[in-house]
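What follows is a short report on a single structure.
Only a predicted model underlies this, so the values are computations on that prediction, with no experimental measurement involved. Lettering of chains follows the sequences in order, A, B, ..., and the numbering in each one begins at 1.
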Amino acid sequence: MKRLYELTVKEALELLESKEITARELVQSCLDRIEEMEPTIHAFLLIIKEEALKAADQIDMKRTKGEPLGKLAGIPYSLKDVYSTKGYTTTAGSKMLEGYIAPYNATVVEKLAKEDAILIGKTNCDPFGFGSSTENSAYGVTRNPLDTDRVPGGSSGGSGAAVAYGGGLFSIGEDTGGSIRCPAAFCGIVGLKPTYGRVSRYGSIAYASSYDTVGPMTKDIYDNALILSVIAGKDTRDATTSAEKVKPYHQALDLSLKGRKVGVVKEYLGDGVDEEVKKAINQAIEVYKSLGCEIVEVSLPYTEYAIAAYYVIGISEASSNLARMDGIRFGHEANVDDWKDKIIKTRGEGFGPEEKRRVMVGTYALSTGYADKYYHKAQQVRAILKDDILKAFKKVDILLTPTMPVLPPKIGENTDDPLKMWLMDAFTVTINPVGVPALALPAGNTKDGLSVGMQLIGPHFKEDTLYNFAYLYEKSIKDTLN
Amino acid sequence: MNPKDKITIEEVKKIAQLAHINVDDMEAEKYAKQIGDILAYVEKLKEVDTEGYEFKSQTDLINVFREDIPEPSLEQKEVVKNRQKKSKGGSLVIKSVL
């Protein structure tokens with residue numbers, strides 16, 4: 001019998017509904033697990049105990065009385081610390097926002113509360129999402145539960161580690177350039193970067209507004225689809241959200257894949273991809289063949305330029321978004337009298353090295369004389385990237401790639417070489433500029449017990465197709481994992 | 001900037017000034033190399049023939065409008081409660097601007 005913190009959302013809901021377990025027992029199990037693991041892993045920046053147990057008791061009482069309950073009643077979850085939560089700190093992993101308490105809740109928090117999910121903590125991340133290892137966090141590194149000498153990925157590394165070790169049954173991450181998918185791959189869990197505009201970002205601290213997406217991080221595909229069906233949808237407070245119908249994503253997972261086409265991107269299996277990663281992807285290709293899929297080789301020739309375009313646009317937007325971090329209305333404030341010096345010193349003290357680097361390069365890329373050369377050129381390349389990928393979807397249903405070209409690096413391995421760290425994101429960052437959805441899931445394990453992630457990419461708003469392909473893969477290899 | 005030229009410490013300081021970030025000499029030296037590497041890397045965008053391409057939007061949504069209907073919003077007290085230094089009346093302390 002599994003311990004309660006090991007349950008999936010689906011399993012826990014069944015046990016709660018049949019009254020075999022209570023929400024209090026479930027929440028307590030996760031809190032105990034957090035207490036056991038945190039001294040080693042450090043996935044959480046805030047742990048919510050009393051209020052979570054109180055919420056659990058209320059749900060248990062309602063259930064006993066037979067009162068109506070939400071779809072996720074009693075399920076404990078964590079939030080990346082970039083989501084505004086009324087009454088709890090939101091730091092974005094930066095010293096700049098140490099102690100900041102938002103006066104309102106993010107839409108995703110409201111939606112989960114409406115379905116009676118229970119928030120048990122907020123997770124560590126690279127500051128403002130700037131990073132792929134969680135090593136840039138102002139509050140210390142998070143360790144990978146699969147191998148504590150290694151990074152959990154980032155920027156939603158705390159969320160990845162928490163889900164992997166059972167600190168809550170799911171987490172909400174944020175993906176601007178792989179920040180959900182990279183930790184999902186490194187921690188051996190499932191993470192979705194939804195279509196741009198599928199999930200409201202109201203209350204999410206912005207990194208790059210034309211890339212940012214909100215998505216679930218879960219133990220399996222069913223749970224991921226279920227959570228997306230709860231958090232997706234139009235929000236008048238985020239004008240970029242789409243009116244496209246929200247589907248019951250978890251209810252159409254088992255459709256036959258016979259005759260469907262899987263595109264394998266040749267540029268994504270070349271030099272620089274770890275042999276163990278290649279092996280796992282080739283195994284995935286065989287699984288799809290056995291499910292009746294046709295494998296089609298696809299070329300995305302502009303991939304080489306995608307990382308450069310991604311970064312130029314991303315950090316340009318970041319430099320503009322982070323202009324509000326001036327110490328006037330919230331956040332760190334330098335102890336200086338002159339107002340202009342105060343802003344400059346506030347930002348010098350409050351931002352860590354990665355924030356400074358990105359804001360400075362972004363400022364440069366937008367400055368007079370350089371905006372055409374960098375920012376506008378990158379936007380044009382972005383148009384080509386979108387064309388490139390939409391052309392591919394005329395030939396295939398989904399694209400299959402590794403999530404990360406490498407296995408999780410050792411802690412400290414890349415910290416002195418930011419460019420090397422940026423290049424590690426080649427397969428994930430290329431998706432955000434074009435806005436399509438991408439799902440990261442475990443492809444298989446290495447001989448040393450690490451997980452290799454694979455990424456399924458689909459056309460805009462085809463999350464249901466991704467889940468269908470992913471669910472049948474998961475089912476096929478279930479026995480070979482663990 | 002020519003990618004072969006290293007970005008100078010003075011240039012880093014100028015960018016830092018534009019970005020309103022205080023950067024000391026030691027930091028500036030480190031960033032000069034790192035920012036130089038990054039700019040040299042993104043130079044490769046130059047190789048792409050982008051003639052005739054303009055990026056419009058990620059999905060089909062382009063401009064989104066709504067009626068401008070006033071709704072209740074946060075209380076002033078709530079909005080400024082994270083301000084670290086407050087005057088007695090609760091308003092922000094701004095030293096003379098002009």
Side-chain angles (χ1 to χ4, degrees), chain A residues 100-101 103-104 195-197 210 236 239-240 242 302 304-305 308-309 311-312 319 323 326-331 333 337-340 343-345 347-349 351 353 356-357 359-365 367 373-374 377-384 386-387 418-419 422 433-435 460-461, chain B residues 1 7 11-12 14-24 27-28 30-31 34-61 63-66 71 73-75 77-85 92-97:
Chain A
Y100 168 70
I101 297 177
Y104 61 92
T195 307
Y196 185 79
S210 79
T236 49
T240 65
S242 168
Y302 289 95
E304 194 190 336
Y305 304 101
Y311 274 108
V312 169
S319 75
D326 54 14
I328 293 176
R329 290 154 303 161
F330 47 77
E333 183 182 335
D337 281 336
D338 177 77
W339 68 274
K340 198 173 175 199
I343 292 173
I344 292 170
K345 194 121 190 274
R347 289 161 68 81
E349 291 172 355
F351 286 148
K356 288 182 188 173
R357 228 166 1 241
V359 169
M360 285 197 288
V361 183
T363 303
Y364 185 76
S367 64
K373 182 178 168 188
Y374 293 111
K377 183 76 180 177
Q379 287 284 27
Q380 287 182 302
V381 172
R382 183 182 194 177
I384 296 178
K386 190 178 168 189
D387 251 30
L419 186 60
W422 290 17
V434 294
H460 292 100
F461 298 107
Chain B
M1 194 188 72
I7 188 164
E11 280 174 297
V12 171
K14 178 142 184 286
I15 302 169
Q17 197 185 7
L18 285 173
H20 287 83
I21 297 176
N22 187 47
V23 169
D24 64 34
E27 281 180 293
K30 189 177 73 176
Y31 293 139
Q34 293 174 341
I35 294 174
D37 285 352
I38 291 164
L39 292 175
Y41 180 77
V42 303
E43 280 290 321
K44 65 160 66 190
L45 289 174
K46 221 167 50 182
E47 297 163 15
V48 187
D49 178 9
T50 52
E51 179 85 39
Y53 279 96
E54 279 306 325
F55 182 75
K56 291 193 184 72
S57 77
Q58 299 83 338
T59 57
D60 293 337
L61 276 183
N63 289 322
V64 179
F65 296 100
R66 63 170 171 80
E71 279 177 38
S73 56
L74 290 170
E75 298 275 330
K77 203 173 72 190
E78 286 287 299
V79 175
V80 298
K81 73 172 181 190
N82 279 283
R83 164 76 181 166
Q84 301 198 346
K85 289 185 180 172
L92 306 184
V93 182
I94 306 278
K95 235 187 148 187
S96 62
V97 175

Heavy-atom pairs under 4.5 Å with chain A - which of B/Val12, B/Val42, B/Asp37, B/Asp24 has more of them than the others?
B/Val42
A/Lys356 and B/Asn22: which non-hydrogen atoms are nearest, and at how many Å?
NZ-O, 4.0 Å
All heavy atoms of B/Lys81 vs all of A/Ile101, minimum pair found to be CE-O, 3.7 Å
Closest approach of A/Tyr374 to B/Leu45 (non-hydrogen atoms, all atoms of both residues)
O-CD1, 4.5 Å
Cut-off 4.5 Å, heavy atoms of chain B, and the answer for A/Ser367 is side chain
For A/Arg329 and B/Arg83, indicate whether the former's side chain and the latter's backbone hold a donor-acceptor pair under 3.5 Å.
no
Would you name the heavy atoms of B/Ile21 and A/Val359 that are closest together and state the gap between them?
CD1-CG1, 3.8 Å
Quick one: do A/Tyr302 and B/Val48 satisfy side chain to side chain contact (heavy atoms under 4.5 Å, CB included)? Show the steps, please.
CA-CA 9 Å; A/Tyr302 289 95; B/Val48 187; 3.8 Å; yes
Starting from the C-alpha separation in whole Å, work towards a yes-or-no answer on side chain to side chain contact (heavy atoms under 4.5 Å, CB included) for B/Thr59 and A/Thr195.
CA-CA 8 Å; B/Thr59 57; A/Thr195 307; 4.0 Å; yes
Among A/Gly197, A/Gly331, A/Ala323, single out the residue with the greatest number of heavy-atom pairs under 4.5 Å to chain B.
A/Gly331
Side chain to side chain contact (heavy atoms under 4.5 Å, CB included) evaluation trace for A/Lys340 with B/His20
CA-CA 9 Å; A/Lys340 198 173 175 199; B/His20 287 83; 3.7 Å; yes
Just by distance, do the side chain of B/Arg66 and the backbone of A/Ala239 share a donor-acceptor pair under 3.5 Å?
no
Note, B/Tyr53 side chain near A/Asp387 side chain (heavy atom, < 4.5 Å)
yes
So which residue, A/Val361, A/Ile384, A/Ile343, A/Val434, ends up with the most heavy-atom pairs under 4.5 Å with chain B?
A/Ile384
Closest non-hydrogen contact found for B/Gln58 with A/Gly435 is CB-CA, 4.0 Å
Between A/Tyr364 and B/Leu39, is there a side-chain heavy-atom distance shorter than 4.5 Å?
yes
May I have the step-by-step check of salt bridge (Lys or Arg N to Asp or Glu O under 4.0 Å) for B/Glu43 and A/Lys373, ending in yes or no?
CA-CA 9 Å; B/Glu43 280 290 321; A/Lys373 182 178 168 188; 3.1 Å; yes
Turns out that what part of A/Tyr196 lies under 4.5 Å from chain B's heavy atoms comes down to both
Counting C-beta onward and ignoring hydrogens, is there a side-chain heavy-atom pair between B/Thr50 and A/Lys377 closer than 4.5 Å?
yes
Check whether more than 12 heavy atoms from other residues, nucleotides or ligands sit under 6.0 Å from atom CD of B/Gln17, and answer yes or no.
no
A/Lys386 versus chain B, the contacting section by heavy-atom distance below 4.5 Å:
side chain
A/Pro353 and B/Tyr31, any side-chain heavy atoms less than 4.5 Å apart
yes
Cut-off 4.5 Å, heavy atoms of chain B, and the answer for A/Val312 is side chain
Quick check on the interface: out of A/Glu304, A/Gln379, A/Arg382, who has the most heavy-atom pairs with chain B under 4.5 Å?
A/Arg382
Relative to chain A, which segment of B/Leu18 carries a heavy atom at a distance below 4.5 Å: side chain, backbone, both, or neither?
both
For residues A/Tyr104 and B/Leu74, determine if any side-chain heavy atom of one lies less than 4.5 Å from a side-chain heavy atom of the other.
yes
State, with a plain yes or no, whether a side-chain heavy atom of B/Phe55 is found less than 4.5 Å away from one of A/Gln380.
no
Evaluate whether atom CD of B/Glu75 has more than 12 neighbouring non-hydrogen atoms of other residues, nucleotides or ligands under 6.0 angstrom away.
no
Just give me the residue among B/Lys30, B/Glu47, B/Glu27, B/Gln34 that pairs up with chain A most often, heavy atom to heavy atom, under 4.5 Å.
B/Gln34
Test side chain to side chain contact (heavy atoms under 4.5 Å, CB included) applied to B/Val64 and A/Thr240, step by step
CA-CA 8 Å; B/Val64 179; A/Thr240 65; over 6 Å; no
Could you tell me which portion of A/Glu349 (side chain, backbone, both or neither) has an atom closer than 4.5 angstrom to a non-hydrogen atom of chain B?
neither
